[in-house]
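A short write-up of the structure that comes next.
Ligands are counted one by one from 1 in listed order, and the atoms in each one are counted from 1 as well. Every value quoted in this text rests on a predicted model; they were computed, and no experiment measured them.
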Amino acid sequence: MLFEVTKYHQDLLNDFERLSTFFEAINEVHKNNNSKFNITYDLGCGSGILSYFASKVSKKVIAVDKDLNMIKKAECNLREYENVEIINKDILTCEFKDKADLIICETLDTALIDEEQALIINHILKYLNPNCTIIPNSIINLAEPISTNKPLNHIYYDDEINLNQENKLQYITLGKFINYNEINFHEKIDLNFKTKLNFKIDVDGILNCIKLSTYTKLAENIICGSTSMLNPPILIPIKKHRVKKGDEIVICLEYELGGGIESINVY
Ligand SMILES: C[S@@+](CC[C@H](N)C(=O)[O-])C[C@H]1O[C@@H](n2cnc3c(N)ncnc32)[C@H](O)[C@@H]1O
């Protein structure tokens with residue numbers, strides 16, 4: 001099937017790893033459900049690709065996106081699928097008539113900082129039937145102590161660094177990662193996040209950065225790491241410290257989920 005898309009959504013479709021894990025998860029939860037889902041919501045439907053997958057395993061799919069341009073493309077892409085209803089609205093202002101048996105929500109971003117996933121999940125919790133399945137069902141956030149070969153003057157996404165070849169920004173990890181937070185999408189999410197990261201240093205060097213990575217648990221046995229279009233790791237510059245193997249370093253990290261990368265504070 002050919003999909004009409006914008007450049008951004010074309011990149012999303014080209015990310016085979018992202019797409020195939022969503023496809024696999026939708027089919028896996030359907031297998032466990034034994035029958036078609038009565039009502040499925042695809043929140044942030046974009047081109048409609050996940051609604052297309054869901055239409056095969058659901059009696060009715062309600063696909064919502066706030067971007068009118070994308071909605072026009074989704075309408076065109078899914079015009080032959082009579083069980084898909086497409087709504088052009090901000091999910092956060094939607095009052096849904098029916099409760100859902102399956103929620104698909106891909107408005108993800110690393111640690112949920114820069115996109116509205118956490119706000120959308122909090123809004124949608126009152127529209128779930130008992131035993132409603134949510135894809136993804138949770139995320140796991142990791143932090144690592146990093147040394148970069150040149151000082152960072154702002155927060156970088158890892159994919160920006162790979163693209164920026166002429167600057168040759170490189171980094172190494174100075175110690176083991178910490179699994180600092182897990183977020184379950186079946187529960188209300190606290191939007192104000194604050195923690196202390198206790199890093200154990202394994203390599204002598206200059207600590208000048210921390211790296212945040214997010215793993216997405218789509219279904220019981222399906223976990224996706226970062227891909228080109230799903231949760232690229234973030235590098236956050238910090239005040240530089242000379243560190244030695246065996247040191248223990250404590251760094252405070254705070255941010256607001258959905259608050260944007262400007263809300264990140266490290267000290
Ligand atoms: C990462 S794209 C995913 C698109 C599609 N689900 C896919 O997997 O290819 C996220 C989409 O969510 C939409 N979106 C983000 N926040 C939204 C909100 N509050 N209400 C409605 N749509 C939203 C964006 O317009 C964008 O099209």
*So, for Leu152 and Cys209, which heavy atoms are closest and what is the spacing to 0.1 Å?*
CD1-SG, 3.8 Å
*Taking all atoms of both residues into account, what is the closest heavy-atom pair of Thr148 and Tyr171, and its distance?*
CG2-CB, 3.8 Å
*Check step by step if salt bridge (Lys or Arg N to Asp or Glu O under 4.0 Å) holds for Lys31 and Glu28.*
CA-CA 5 Å; Lys31 204 167 71 193; Glu28 177 70 18; 3.6 Å; yes
*Could you tell me whether a side-chain N or O of Asp101 sits under 3.5 Å from a main-chain N or O of Ile39, the two making a donor and an acceptor?*
yes
*asked:* Between Asn149 (side chain only) and Gln170 (backbone N and O only), is there a donor and an acceptor less than 3.5 Å apart?
replied: yes
*Checking side chain to side chain donor-acceptor pair (under 3.5 Å) against Asn181, which of Thr195, Thr214, Asn141 comes through?*
Asn141
*Applying a heavy-atom distance cut-off of 4.0 Å, which protein residues contact ligand 1?*
Tyr8, His9, Leu12, Arg18, Gly44, Cys45, Gly46, Ile49, Leu50, Asp65, Lys66, Asp67, Lys89, Asp90, Ile91, Glu106, Thr107, Glu116, Ile120
